[in-house]
Amino acid sequence: MPPKRNATEDLSDLRQRSRFDYLAKREALKLAELQKDVEEDERERERFGDQLSKRELKEMDQRKETLRLTLERNQIDDTNSGFFMLDSTLTDKSELLNKRNKKENYKSEVQLWEEEQTSKAKAAQGQRAVRETEDDYDFVFDEQTAINFVSDGNILDPEKQRLQQHLDEAEKRAKDISDVRQSLPIHAYKKEILEAVDQFQTLVLTAETGSGKSSQIPQYMLEYFRQRGEHEKVVLCTQPRRVAAISLATRVAEEHGTRLGNEVGYTIRFEDKTTEKTRIKYLTDGTLLRMFLTQPDLPDVGCVILDEAHERTLATDILMGLLLDIVKFRTDLKIIVSSATLDAQGFSKYWNDCPVLFVPGRTYPVTTYFASQPEANYLSAAITTTWQVHIGAQDSKGDILVFLTGQDEIETAQQSIEETKIKLGNRAKELICLPLYSALPPDEQQKIFVPAAPGVRKVILATNIAETSLTIDGVAHVIDTGYSKENLYSEATGLDSLVVNPVSRASANQRAGRAGRTGPGSCYRLYTQHAFMNDMPATSLPEITRVNLCSTILLLKSIGVNDLLNFPFMTPPAPEAIASSLETLYCLGALDSKGAVTKVGRSLSELPIEPKMAKALLVAEKFGSLSHVLTIISMIGESGALFFAPKDKKLHVDAAKRRFYIKGLGDYGSYLSIYNQWKETEYDGMWAKENFLQAKTLNRVRNVREQLEKLCERIGLTPEDEGEPDHVAIKKAFTSGYFANAARMSRDGQSYRTVKSGNQTVWIHPSSWIHEPTERPKWLLYSELASLPEFMRSVLPIEPEYLTELAPFYFKDSDIEKLGTNKKMGKGPGKVGVDK
DNA sequence: GAGCACTGC
């Protein structure tokens, strides 16, 4: 027996091993996974035997047979070489070698990759292993497996043990489910809730976190309908986020003892796990909104639960307005609005003073501390507090979660903490500092879930992603700076700006609550109690007041809501915002002069993208460039997270970016070239990594593109055979959608002036491919304008004639001429006119 | 020549 070593040693050892070991290990893990699958198959067969289809049974048998053969072959290999290695491993190995030998910095890349696998290994512990099929080199194993492997090279036995343990846990869980369900705080209120539901059509339910409302209420409602003999009624439960819909559906299906997709299912953008048998359906709010296009009266639906309504997402707000109308004639339809306590009265008032039910939650107490005086610099205050908590609470366990506003701040804070750590040396206990924001690649994000070694404390520096989207267990201390970045859209200028703003009291409480998930905790607020009560709003502005409403208005009009001014918005958007959206839709040809939806508008509303993008697609087909424009549009949407650029890799990233430059189409051309090259490598994750592109983003682009292509076909657009992109056709297609986003170079050759939109001075964003002075075109279109300063992102050079040709409602020849000749550049800020 | 929080169809 080799001497027992600790995890850190083993992992560093692991890092240094050759890739051959990894390949062997990967084989072993494939095998282990197969074994696990087969065991799961068997359990599934036992539990759901009668519900399984023939195809599923056949697949299960196939897996079982593959496992048997593999085990047999392993035995032979094992006796010959003392090490199991399959034929496929050898092929993989030579492939990998060929691939790697082409690369210059061959060694460092392998190391990089190995390090990443190690971190993944750590991350996979306690998490269900997810496997990316696109990435051939991607595999997941847990720390336990890794350690055992390094210690004695024997993977099968510990793996078997782990499987057995897994199995035992599952069995125990099944036994516990009914106990757990009954121990949830909400169970005590079941009778009251059902009585209220019976008596009233709508109900506001305020339940604190940990009460079990999202998983239990739909089940109670199903029981309610069953007792009344209404077996066909469906219960819908909306969620603002996809992950929530998936995990809730999975859990409830398990509680219910059915397979996911049978009685309990979920629907999200790219996935529909429901059948005609489904009675409890979790879906994202946006999905339900889109459903109104095809079935506006919600047939078969017995109850709609609007979960997390206090978040006031755009989709939930619109849904409330639509449902408020439906309940008038569908008197059998029950509505349950679930919200945080703070907003309950507002919701009740909106729903005609309906009753409010309160259910307490089950979280641990969190002690909150306020700053005694205002902090001038919240960033340095956050760092100081982190150290105070770490050193002051030496003996107490629990990680620290710090809320900051953005990537930049997080990187600065991380650097400072690392430096102080070195200075302090042994005088403080060990601390690991982990960043967390959404642009961080997924495997980096996973690191935050790895429990720290005994005696080591984790400090997680996070944006507000940790407020609702990601839950980290083991956090006992929250440090709240009281700020976050918010997107503000101004109708007047058409500018989006991302500004640092104080968070609302509701968010602050949500942040504090993150300290009390696994035990009592504390929250250190870096602002005074006075500021909390007086300077911070109770809740943040609902999304509907902050965004461009074009697609929402087109959707409403397509559903048949014509009178927008009398639509029962819980918070009405500014009339100017509605007016300017109507104007844009009219210019796009989506609405006629009476404000009715045109044939074009109907097509545009079918596509889940901004109307101006959809218009570009429509026109692109006429010019025979649909498939290229499809690619570009899918890329624009995700362009923000294409490259992953940590500060120290900046030069490499820039070099990689330059390789994708195509003359003539600006950034759009590079998007095409990136996507097409990735496609040529058969969507290879390794290729993406070599070019500093994020595989996650590219996969999303591919998903979006595929969905859009299908929808295009549904509305009668056929993509052409892909050939070389026709530059003129592409430019014209985009001009007909993005005409309002045109800009012309100023005399200085540096800045630009927007043609309409208030005629402001704008610049090409430095991250653009045509930012270099020599590459700058005279005229261009931008797809996004950010302030301050006003940078145009994603730009496309065009010819000025296209504007008058393709948007005659919007531009007169004189507009263009004026800009071309007059030094003073038009009329200055003013009304964006529509020519009559 | 500078930097983007977070969702969703």
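Everything quoted here is computed from the prediction, not taken from an experiment. Residue numbers begin at 1 in each chain, while the letters A, B, ... track the order of the sequences.
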Looking only at dA2(B), dT7(B), dG1(B), the nucleotide nearest the His771(A) side chain is dG1(B)

Residue Arg290(A), side-chain heavy atoms: nucleotide from dC4(B), dC9(B), dC6(B) that is nearest: dC9(B)

With a 4.0 Å cutoff (strictly under), does any side-chain N or O of Ser767(A) reach OP1 or OP2 of dG3(B)? no

Side-chain touch Ser768(A)/Phe791(A), heavy atoms, less than 4.5 angstrom: no

With sequence neighbours left out, what residues match Tyr524(A) under ring pair (Phe, Tyr, Trp, His ring centres under 6.0 Å)? Tyr369(A)

For DNA chain B, whose closest nucleotide is more 5', that of Asn464(A) or that of Ile609(A)? Asn464(A)

Tell me: CG of Leu541(A) to C1' of dC6(B), nearest whole Å? 15 Å

For a quick test of reading the model: is some side-chain N or O of Thr468(A) closer than 4.0 Å to OP1 or OP2 of dT7(B)? no

Checking Leu322(A) now: which residues fulfil side-chain contact (heavy atoms from CB on, under 4.5 Å) with it, not counting sequence neighbours? Leu289(A), Phe292(A), Ile318(A), Leu556(A), Ile559(A), Val561(A), Phe567(A)

N or O in side chain of Thr463(A) less than 4.0 angstrom from dC6(B) OP1/OP2: yes

Before accepting this row, confirm whether a basic side-chain N of the pair Arg714(A)/Glu606(A) lies closer than 4.0 Å to the acidic partner's carboxylate O. yes

Separation of Ile636(A) atom CD1 from dC4(B) atom C1', in whole Å? 17 Å

What integer distance in Å separates Phe644(A):CZ from dC4(B):P? 15 Å

Assess the side chains of Ser794(A) and Tyr671(A): does a donor N or O sit below 3.5 Å from an acceptor N or O? yes

Please report the distance, rounded to the nearest Å, between CZ in Arg241(A) and P in dC9(B). 12 Å

Measuring to OP1 and OP2 of dC9(B), would you say a side-chain N or O of Arg242(A) lies under 4.0 angstrom away? yes

Once you apply a heavy-atom cut-off of 4.0 Å, does Gln407(A) come out as touching a base, just sugar-phosphate, or nothing? sugar-phosphate

How long is the line joining CZ of Arg269(A) and C1' of dT7(B), in whole Å? 12 Å

Are OP1 or OP2 of dC9(B) and a side-chain N or O of Thr287(A) less than 4.0 angstrom apart? yes

Between dT7(B) atom C1' and Glu311(A) atom CD, what is the distance in whole Å? 9 Å

Stems with DNA chain B, 3 or more Watson-Crick or G-U pairs in a row (under 3.5 Å), are none

Name the atoms and distances for all side-chain donor-acceptor pairs under 3.5 Å in residues 607-616 of chain A, with sequence neighbours left out.
| from | atom 1 | to | atom 2 | distance (Å) |
| --- | --- | --- | --- | --- |
| Lys615(A) | NZ | Leu588(A) | O | 3.0 |

By the salt bridge (charged side-chain N to carboxylate O under 4.0 Å, His left out) test, which pairs, at least two apart or in different chains, include something from residues 761-777 of chain A? Lys663(A)-Glu775(A)

Sugar-phosphate, base or nothing in reach of Ile268(A), heavy atoms under 4.0 Å: sugar-phosphate

In this structure, how many angstroms lie between the P atom of dA2(B) and the CE atom of Met792(A), rounded? 15 Å

Could you check Glu486(A) against Gln707(A) and say which one's nearest nucleotide on DNA chain B is further toward the 5' end? Glu486(A)

Quick test of your reading: applying salt bridge (charged side-chain N to carboxylate O under 4.0 Å, His left out), list the pairs with at least one residue in residues 239-248 of chain A, sequence neighbours left out, ordered by first then second residue. Arg241(A)-Glu311(A)

Whole-Å distance separating the NZ atom of Lys485(A) from the P atom of dC6(B): 10 Å

Nearest to side-chain heavy atoms of Ile465(A), which nucleotide of dT7(B), dC9(B), dG1(B): dT7(B)

